[in-house]
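These notes concern the structure reproduced below.
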Amino acid sequence: MDRIKSLRGFRDIYGDEVKKFRYVEEVCRKYFNLFGYKEIITPVLENTGLFIRSIGETTDIVEKEMFTFKDLSGESVTMRPEATAGIVRAYLEQGIFAKERISKLFSIGPMFRHERPQKGRYREFRQIDVEVFGINDPMLDAELIWMTTLILKEIGLENYTIEVNSVGCSDCREHFRQMIVGYFEGIKDDLCEDCKRRLQRNPLRIFDCKNTKCKEISASSPFLFDHLCEPCKTHFNDFIRHLESLGIKVNINKRLVRGLDYYTGTVFEIVSQELGSQNAFLAGGRYNNLVESMGGPKVPGIGFAIGLDRLVLLVKEIKEKITPVFFFAYLGERAKKFIFPFMEEFIINNLKLLYLPEAKSLKSQLRYADSIRADYVLILGEDEIEKGIVIVRNMSKGNQLDIPLDVSTLIPNLQGLFEK
RNA sequence: GUGGGUGUAGCUCAACGGUUAGAGCACCAGGCUGUGGACCUGGGGGUUGAGGGUUCGAAACCCUUCACCCACCCCA
């Protein structure tokens, strides 16, 4: 029989890695709560049109990376490639915009993009997503960055760089677009094929090209950053000032562009050199026109996403609560009957008591207890039942003692062993 | 979508085109009839990713295909 394997770019996460995922999540939830965020869970599957309208028709994501198919009723549906679109949809559909002036939301879940798998890049990947609706103050832009630095600090991450830029509002973007097309038009023969295409469709992405020749050309070209309108310039400068007052060092990267069309003004990316080619593990920015363009009121927004799969690659050690592990080794049918009553007592006291259901020899049970790193083993056989005792073996010290075979005093008798 | 690399036991890897494809780790059992780790002995495990071809003979060489890794690209 052929075994069915997981799909390309889809993977199983288990063992220590899953612990790291949960740990990162736990730290994020703690700070989200402290900063006043509420969780929102939105569907994995949405109407295809939602993503085309929000992310942009000419982006790579929409053009060639979406898991799109027709459902049984013939409707075109898409596995979400990012989180913001669905959250904006919910923000409007649930009337959240009318219920509160400011909405601070977070969401955690899988995203799907049909890309070629690589280190830190999978077709199913997990994001922790943060969105704030209703505030345009650059103070908030800085607050988001601040919150991420607190999260990263608690996780124990130090070697990362925060890159920031402003991609301007629709006014300065249109103005600059014309300027840039004019600039590159004269020297377009020197650009790579991709960039020739970009020149027509999405000229700002030329600055993101990794081709050395294109880099040289674009290095001496004007930057949008230097041609922002006055309000955008002021917004960005205030943003930087707030970051300085928080003592956060950032790198202003005029080349930083986002691949999704909805971004306006502030954009940022946090990168690590330890990640290889896919070095950005957190990115986001402001999207002041998105809510309106999706048919809602004119409400500004800003958000970011953490690439969980990537961030987890950087997590070295996790701080785990250490609780003792107990193991029940039994001999004979009479002893076996004590397992569930014992376990029940442990569970009530929030303690872990494990056993091996099909165990044979005491030797094999102890070997198993050792392999799962049990701290204490309770041994119960015919002899002990006759004497009315349970043997408690300390696995690290190798010594053992007797306690009475009595469920009601079991936990108090054991607690003396490890609570000191 | 494009390139390069790699696919052999659960894991890490051996095996010049030539017996029945091996080792370490892991697992199970015994040595030790009721006491873990160390040691010794034994055991279970493989369609050599899949399909085709060359050859007296293929894990090895050729073709196709699939997957994984890395990079391009893109992005979190």
Side-chain angles (χ1 to χ4, degrees), chain A residues 1-3 5-11 15 55 59-65 80-84 108-130 148 192-195 197-198 202 205 208-212 214 256-260 267-272 275-285 303-314 327 329-332 335 356 358-384 391-400:
Chain A
M1 277 281 274
D2 284 348
R3 282 197 204 164
K5 294 195 286 184
S6 64
L7 296 171
R8 180 167 209 198
F10 288 69
R11 67 197 186 109
I55 298 168
T59 57
D60 273 26
I61 294 176
V62 169
E63 273 189 338
K64 49 191 185 190
E65 294 174 0
R80 61 179 181 199
E82 59 101 48
T84 307
I108 301 175
M111 308 294 155
F112 304 84
R113 290 182 202 173
H114 197 277
E115 296 181 276
R116 186 102 178 229
Q118 199 181 318
K119 184 178 183 182
R121 187 169 80 184
Y122 307 98
R123 290 183 175 180
E124 180 188 33
F125 57 101
R126 286 136 199 97
Q127 285 191 342
I128 297 181
D129 198 77
V130 168
T148 66
C192 72
E193 288 307 313
D194 283 339
C195 284
R197 211 159 35 85
R198 290 181 179 126
N202 212 338
R205 292 248 299 275
D208 228 12
C209 188
K210 279 161 187 160
N211 182 304
T212 44
C214 296
L256 183 65
V257 196
R258 308 270 70 228
L260 288 73
V267 291
F268 52 89
E269 208 166 82
I270 303 188
V271 299
S272 165
L275 282 175
S277 183
Q278 308 301 322
N279 61 359
F281 64 85
L282 185 154
F304 66 83
I306 295 172
L308 249 183
D309 305 70
R310 290 181 189 174
L311 180 50
V312 158
L313 288 174
L314 301 170
F327 185 85
Y330 58 92
L331 284 156
L356 188 59
E358 289 175 344
K360 291 174 194 135
S361 64
L362 180 58
K363 185 193 184 76
S364 67
Q365 292 183 73
L366 278 166
R367 196 159 30 212
Y368 180 73
D370 188 55
S371 73
I372 62 167
R373 300 210 177 108
D375 298 291
Y376 300 95
V377 176
L378 310 188
I379 301 170
L380 187 67
E382 291 297 330
D383 297 353
E384 288 73 26
I391 297 172
V392 182
R393 181 175 179 82
N394 181 323
M395 293 298 274
S396 54
K397 288 181 185 164
N399 57 14
Q400 50 194 43

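No experiment lies behind these values; they were computed from the predicted model shown. To find a chain, count down the sequence lines: A is the first, B the second, and so on, and within it residues start at 1.
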Which whole number of Å gives the distance between the [atom1] atom of [N] and that of [M]?
| N | M | atom1 | value |
| --- | --- | --- | --- |
| B/rG3 | B/rU64 | P | 12 Å |
| B/rA26 | B/rC40 | P | 12 Å |
| B/rG37 | B/rC25 | C1' | 15 Å |
| B/rU41 | B/rU8 | P | 29 Å |
| B/rG51 | B/rG7 | C1' | 15 Å |

Test item: A/L331 and A/E382 side chains (from C-beta on) under 4.5 Å apart, heavy atoms: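 They are not in side-chain contact.
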Results of side chain to side chain contact (heavy atoms under 4.5 Å, CB included) for A/K5 - residues two or more places apart only: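 Here no residue qualifies.
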Dot-bracket encoding of pairs in RNA chain B, which uses [ ] for pseudoknotted crossings and | for another strand, Watson-Crick or G-U under 3.5 angstrom: (((((((..((((....[...)))).(((((.......))))).....(((((..]....))))))))))))....
Under 4.0 angstrom, heavy atoms only, what part of the nucleic acid is [X] near: base, sugar-phosphate, or nothing?
| X | value |
| --- | --- |
| A/G303 | nothing |
| A/L331 | base |
| A/F125 | base |
| A/Q365 | nothing |
| A/E82 | nothing |
| A/D309 | nothing |
| A/E63 | nothing |
| A/T59 | nothing |
| A/A369 | nothing |
| A/I391 | base |

Backbone of A/Y330 reached by a side-chain donor or acceptor of A/Q365 within 3.5 Å: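 Answer holds: yes.
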Contacts of type side-chain hydrogen bond (donor to acceptor under 3.5 Å, both in side chains), residue A/S6, not counting sequence neighbours: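 For A/S6, no residue satisfies side-chain hydrogen bond (donor to acceptor under 3.5 Å, both in side chains) once neighbours in sequence are set aside.
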How many Å lie between [atom1] on [X] and [atom2] on [N], as a whole number?
| X | N | atom1 | atom2 | value |
| --- | --- | --- | --- | --- |
| A/K64 | B/rC75 | NZ | P | 9 Å |
| A/Y122 | B/rA67 | OH | C1' | 15 Å |
| A/I270 | B/rC75 | CD1 | P | 18 Å |
| A/L362 | B/rG30 | CG | C1' | 16 Å |
| A/K5 | B/rG49 | NZ | P | 11 Å |
| A/N279 | B/rC72 | CG | P | 10 Å |
| A/I379 | B/rU35 | CD1 | C1' | 6 Å |
| A/R113 | B/rG1 | CZ | P | 18 Å |

Between [options], which one does the side chain of [X] approach most closely?
| X | options | answer |
| --- | --- | --- |
| A/L366 | B/rG36, B/rC75, B/rC72 | B/rG36 |
| A/R121 | B/rC69, B/rA76, B/rU35 | B/rA76 |
| A/R116 | B/rG34, B/rA29, B/rG3 | B/rG3 |
| A/Q278 | B/rC73, B/rG34, B/rC69 | B/rC73 |

Sequence neighbours excluded, which residues qualify as salt bridge (Lys or Arg N to Asp or Glu O under 4.0 Å) partners of [X]?
| X | value |
| --- | --- |
| A/R11 | A/E17, A/D309 |
| A/E115 | A/R121 |
| A/R113 | none |

Enumerate the protein-to-nucleotides 37-46 of chain B contacts in which both atoms are nitrogen or oxygen and the separation is below 3.5 Å.
from, atom 1, to, atom 2, distance (Å)
B/rG37, O4', A/D370, OD2, 3.2

N/O (side chain, A/R8) to phosphate O (OP1/OP2, B/rC66) under 4.0 Å: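 The answer is no; no side-chain N or O of A/R8 sits under 4.0 Å from OP1 or OP2.
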Side-chain N,O (A/Q118) to OP1/OP2 (B/rA71) below 4.0 Å: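 Checking A/Q118 against B/rA71: at least one side-chain N or O falls below 4.0 Å of OP1 or OP2.
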Check: B/rC68 base within 3.5 Å donor-acceptor of A/R11 side chain: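 In this structure, the two groups form no donor-acceptor pair.
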Closest approach of A/P81 to A/M111 (non-hydrogen atoms, all atoms of both residues):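 Heavy-atom minimum between the residues: O-CB, 3.9 Å.
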Candidate pair A/L260 and A/E82, rule side-chain contact (heavy atoms from CB on, under 4.5 Å), full reasoning: CA-CA 10 Å; A/L260 288 73; A/E82 59 101 48; 3.6 Å; yes
ring-ring contact (aromatic ring centres under 6.0 Å, His included) partners of A/F327, counting only residues at least two apart: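 If we apply the ring-ring contact (aromatic ring centres under 6.0 Å, His included) test to A/F327, skipping adjacent residues, the hits are A/Y368.
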Qualifying salt bridge (charged side-chain N to carboxylate O under 4.0 Å, His left out) pairs, either residue in residues 362-379 of chain A, two or more places apart: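 Qualifying pairs, neighbours excluded: none.
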Stepwise side-chain contact (heavy atoms from CB on, under 4.5 Å) test for A/K119 and A/L275: CA-CA 8 Å; A/K119 184 178 183 182; A/L275 282 175; 5.6 Å; no
